2 protein chains.
Amino acid sequence: MENVTIRMLAERLQLSTATISKALNNSHEISEETRQRVLALAAELNYVPNPYASSLRKKASNTIAVVIPEVADSFFAEAINGIEAVAQEKGYHVLIYLSHENCQKEQTILKDFQSGRVDGVLISVTTETTATGLEQLVRDKPVVFFDRVCEEVKAAKITTDDAAAAYRATTHLIAGGCRRIGLLSASRQLSISNKRAEGFQQALLDHQLPLLPNAITYCTNDSAANHQLLKTAFLENDYDGIIATTEKLSTAVYEVCEALQWRIPEDLQVIGFSNLSTARFLHPSLTTITQPAFEMGKAAATLLFRALKSNNFPLQQQQEVIPSSLIARNSTLAKDK
Amino acid sequence: MENVTIRMLAERLQLSTATISKALNNSHEISEETRQRVLALAAELNYVPNPYASSLRKKASNTIAVVIPEVADSFFAEAINGIEAVAQEKGYHVLIYLSHENCQKEQTILKDFQSGRVDGVLISVTTETTATGLEQLVRDKPVVFFDRVCEEVKAAKITTDDAAAAYRATTHLIAGGCRRIGLLSASRQLSISNKRAEGFQQALLDHQLPLLPNAITYCTNDSAANHQLLKTAFLENDYDGIIATTEKLSTAVYEVCEALQWRIPEDLQVIGFSNLSTARFLHPSLTTITQPAFEMGKAAATLLFRALKSNNFPLQQQQEVIPSSLIARNSTLAKDK
DNA sequence: CTGAAAGCGCTAACAC
DNA sequence: GTGTTAGCGCTTTCAG
């Protein structure tokens with residue numbers, strides 16, 4: 001059976017394609033009676049509209065893009081959930097693009113968006129991203145950054161309280177008796193990484209603790225390389241507390257401690273930014289800064305759809321900070337928050 | 001700046017749109033010289049083709065759909081990674097749909113595929129799915145099932161060695177001294193669940209162990225309900241070993257054991273189907289059946305693209321079973337494999 | 001090697 | 001209320 005088109009419906013009902021189109025789109029200029037006839041026949045013939053014909057004509061695709069570095073990270077997985085929930089409700093489709101922490105790939109992806117393939121974009125940038133390409137994208141169409149935002153670009157942003165979270169994490173370690181605290185950062189560029197570093201430094205300052213010369217270790221995307229990097233850093237700096245600012249780095253700390261036979265929390269107290277549902281079952285259970293991943297995805301999508309619905313919504317000025325929470329467990333000694 | 005179209009290029013170069021189109025598509029009927037001129041101007045004006053116009057005309061979208069129950073599960077997250085890697089390489093786009101374990105939602109999603117929005121579909125069905133709708137889909141366009149396949153439908157399938165894995169898991173528990181083994185199943189319908197159950201039963205049989213009347217607990221998608229269900233099952237059946245056939249159920253077992261103050265592995269040995277990278281750091285470290293998630297996604301996508309490339313590829317007959325592996329850790333007592 | 005023309009399926013003006 | 005017409009931007013015969 002070949003595809004049923006609006007034209008076939010028109011012929012069968014002795015109506016024009018325009019009428020059919022309007023009837024199917026619940027236009028108010030169509031009488032209830034013909035509307036019903038059209039709908040009935042459409043159902044009978046199992047008519048399914050061709051989205052591309054419609055998109056071409058309307059210059060709107062009912063599709064949004066989600067661009068993230070990777071998906072195998074609880075944060076992004078949950079964020080996608082939040083995004084998809086909203087999109088499904090609004091009848092939008094979700095195209096997913098993984099940049100694999102590769103700025104080049106990200107550029108290629110962004111370039112494609114100039115085609116009109118998507119009506120809007122939700123993006124969390126790579127660790128290497130600069131403003132290049134993003135400025136243009138934001139000018140072209142509705143964009144909402146979430147979590148890993150690009151500071152330089154004026155655009156809608158959903159973030160969590162990065163600096164405050166790191167401040168709290170640091171304070172928590174200090175309360176647990178740590179004096180030589182290290183921070184593992186995912187990037188020198190990423191504003192959220194820098195904010196976390198700032199919160200960390202401020203906390204040290206406020207508690208009259210010196211910033212160790214090698215307090216901050218900048219990690220890469222290569223887990224084997226990171227392992228080596230951390231091992232060296234741990235041995236050289238003799239940390240008594242560490243803050244891992246990503247989920248992967250949190251796991252890496254456990255691996256390295258195992259390799260070095262350092263006990264957590266006796267030899268090293270650990271706090272990690274992580275959304276792992278199993279954090280409480282780790283050995284020892286991991287004290288976490290848990291980000292509101294699902295909510296952030298949902299908030300970002302909601303914002304995007306508001307902009308998609310009304311043109312005069314000042315999207316670029318929207319900024320939302322959703323607080324994270326510190327959950328104290330056994331990888332740190334301070335029991336309060 | 002309004003969108004650059006093929007027509008604008010044509011006017012500027014005093015050529016026809018047909019020539020431009022051919023030049024851009026590297027048609028061999030175009031002279032190298034004009035091809036270069038066209039490409040140069042396209043680059044200069046930053047021409048980006050409209051994918052929907054092209055799709056409408058060609059009746060092909062260069063887009064595939066991935067339909068999965070959820071994304072917050074390491075298995076699916078890794079599978080997406082595998083899929084996306086292949087798709088990106090082939091220049092395809094990936095639409096993602098979450099069925100949220102809801103058969104109704106899944107139906108709605110499948111229905112949309114009749115529109116020609118996607119050229120092919122990769123799907124892992126919900127725990128409730130029946131053949132309804134799937135038969136039609138498979139008739140309509142290339143489809144590859146992965147992991148959670150639908151037995152009744154004749155179609156390409158990528159699975160892991162479910163029965164064998166469960167058999168091995170059971171044998172492993174028996175080797176560790178378990179005599180009252182329970183299995184936590186995600187579904188009564190799902191063929192992979194049933195195969196796991198079969199492998200389990202066969203192993204008991206082969207080792208002359210009786211199948212407890214309540215050996216198999218069928219869980220739901222509601223984690224609170226599951227928690228209660230497991231608690232009751234654990235107390236009533238006094239298991240000494242348990243096989244959790246999904247990642248979520250594995251975590252649930254840890255939760256319930258904590259609540260009941262049962263020690264793992266002394267009171268209950270646990271083995272879980274899980275791809276969690278942190279399995280080795282759980283307390284106690286979790287013995288797992290680890291599925292080749294990334295490979296399965298990759299294999300499924302590769303198969304789909306083969307079908308998309310050549311029409312006479314007998315896609316529906318393709319079946320691939322990728323073995324899983326048992327990784328013995330401290331939640332079970334047997335140390336061999 | 002290049003171009004003219006026809007249309008993919010749908011929608012939006014504008015008539016009637 | 002319904003129909004006519006003219007495309008959206010691209011690809012594909014088929015002529016030349």
Side-chain angles (χ1 to χ4, degrees), chain A residues 1-39 41-42 45-63 91 93 112-119, chain B residues 1-39 41-42 45-63 91 93 112-119:
Chain A
M1 180 186 84
E2 66 197 50
N3 270 330
V4 182
T5 69
I6 223 173
R7 184 135 121 223
M8 294 168 63
L9 298 181
E11 278 166 11
R12 291 256 261 161
L13 293 175
Q14 298 286 39
L15 290 169
S16 73
T17 59
T19 306
I20 304 290
S21 174
K22 287 172 188 163
L24 292 171
N25 291 292
N26 298 318
S27 162
H28 290 295
E29 14 176 338
I30 297 295
S31 76
E32 184 55 23
E33 194 211 325
T34 51
R35 207 177 70 88
Q36 288 305 338
R37 281 176 61 214
V38 172
L39 259 40
L41 186 65
L45 299 186
N46 193 26
Y47 166 76
V48 184
N50 181 318
Y52 296 135
S54 169
S55 293
L56 177 58
R57 184 62 238 245
K58 293 202 291 191
K59 292 181 179 299
S61 63
N62 261 246
T63 303
H93 297 257
D112 181 62
F113 296 157
Q114 291 179 22
S115 69
R117 187 186 294 279
V118 296
D119 298 340
Chain B
M1 179 187 84
E2 66 197 51
N3 271 329
V4 183
T5 68
I6 223 174
R7 183 136 120 222
M8 294 168 62
L9 299 182
E11 278 166 11
R12 291 256 260 162
L13 292 176
Q14 297 288 39
L15 288 170
S16 73
T17 58
T19 306
I20 305 291
S21 173
K22 287 172 186 164
L24 291 171
N25 291 290
N26 298 318
S27 163
H28 290 295
E29 10 175 345
I30 299 294
S31 76
E32 184 56 23
E33 194 211 323
T34 51
R35 207 177 70 87
Q36 289 305 339
R37 281 176 59 214
V38 172
L39 259 39
L41 186 66
L45 298 186
N46 194 25
Y47 166 76
V48 183
N50 181 318
Y52 297 136
S54 168
S55 292
L56 177 59
R57 185 62 237 244
K58 293 203 290 191
K59 293 182 178 299
S61 62
N62 260 247
T63 303
H93 298 256
D112 181 62
F113 297 157
Q114 292 179 22
S115 69
R117 187 186 294 278
V118 296
D119 298 340

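Lettering of chains follows the sequences in order, A, B, ..., and the numbering in each one begins at 1. Keep in mind it's a predicted model, so treat the numbers as computed, not measured.
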What is the distance, rounded to the nearest whole Å, between atom [atom1] of [X] and atom [atom2] of [N]?
X: A:R57; N: C:dC10; atom1: CZ; atom2: P; value: 13 Å
X: B:K58; N: D:dG9; atom1: NZ; atom2: P; value: 17 Å
X: B:Y52; N: D:dG9; atom1: OH; atom2: C1'; value: 14 Å
X: B:E11; N: D:dG9; atom1: CD; atom2: C1'; value: 13 Å
X: B:N62; N: D:dT11; atom1: CG; atom2: P; value: 11 Å
X: A:M8; N: C:dG9; atom1: CE; atom2: P; value: 10 Å
X: B:L56; N: C:dA6; atom1: CG; atom2: C1'; value: 13 Å
X: A:I6; N: D:dT2; atom1: CD1; atom2: P; value: 15 Å

Of the nucleotides C:dC10, D:dC8, D:dC10, which has the atom closest to the B:Y47 side chain?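 It is D:dC10.
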A:N25 has a side chain; which of D:dC10, C:dG9, C:dT11 sits nearest to it?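 From the listed options, C:dT11 comes nearest.
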Please give me the minimum heavy-atom distance between [X] and [Y], naming the atom from each residue.
X: B:T17; Y: B:R7; result: CG2-CA, 3.9 Å
X: A:V48; Y: B:S115; result: CG1-CB, 3.5 Å
X: B:L24; Y: B:Y47; result: CD1-CE2, 3.5 Å

Point-to-point distance, once rounded to the nearest 0.5 Å, from [atom1] of [X] to [atom2] of [Y]:
X: B:R12; Y: B:L45; atom1: CZ; atom2: CG; result: 5.0 Å
X: B:K58; Y: B:S55; atom1: NZ; atom2: OG; result: 7.5 Å
X: A:L15; Y: A:S21; atom1: CG; atom2: OG; result: 12.5 Å
X: B:S16; Y: B:K22; atom1: OG; atom2: NZ; result: 7.0 Å

Tell me which residues in residues 26-39 of chain A lie within less than 4.0 Å of DNA chain D, going by non-hydrogen atoms.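 Under 4.0 Å from DNA chain D: A:E29, A:I30, A:S31, A:T34.
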Of residues 13-24 of chain A, the positions that come close to DNA chain D - non-hydrogen atoms, cut-off under 4.0 Å: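 Of all residues in residues 13-24 of chain A, the ones placing a heavy atom under 4.0 Å from DNA chain D are A:Q14, A:L15, A:S16, A:A18, A:T19, A:K22.
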Mark yes when over 12 heavy atoms from residues, nucleotides or ligands other than B:E32 sit less than 6.0 Å from its CD; otherwise mark no.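 It does: B:E32 CD has more than 12 such atoms within range.
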What do you reckon, is CZ of A:R35 surrounded by more than 12 foreign heavy atoms closer than 6.0 Å? yes
Axis-to-axis angle between the two ends of the helix from C:dC1-D:dG16 to C:dC16-D:dG1 (five base pairs per end, rounded to 10 degrees): 30°
Just one of B:T34, B:V38, B:T19 clears the side chain to side chain contact (heavy atoms under 4.5 Å, CB included) bar with B:L13, so which one? B:V38
Checking side-chain contact (heavy atoms from CB on, under 4.5 Å) for the pair A:N50/B:L56: CA distance, chi angles, key distance, verdict? CA-CA 8 Å; A:N50 181 318; B:L56 177 59; 3.9 Å; yes
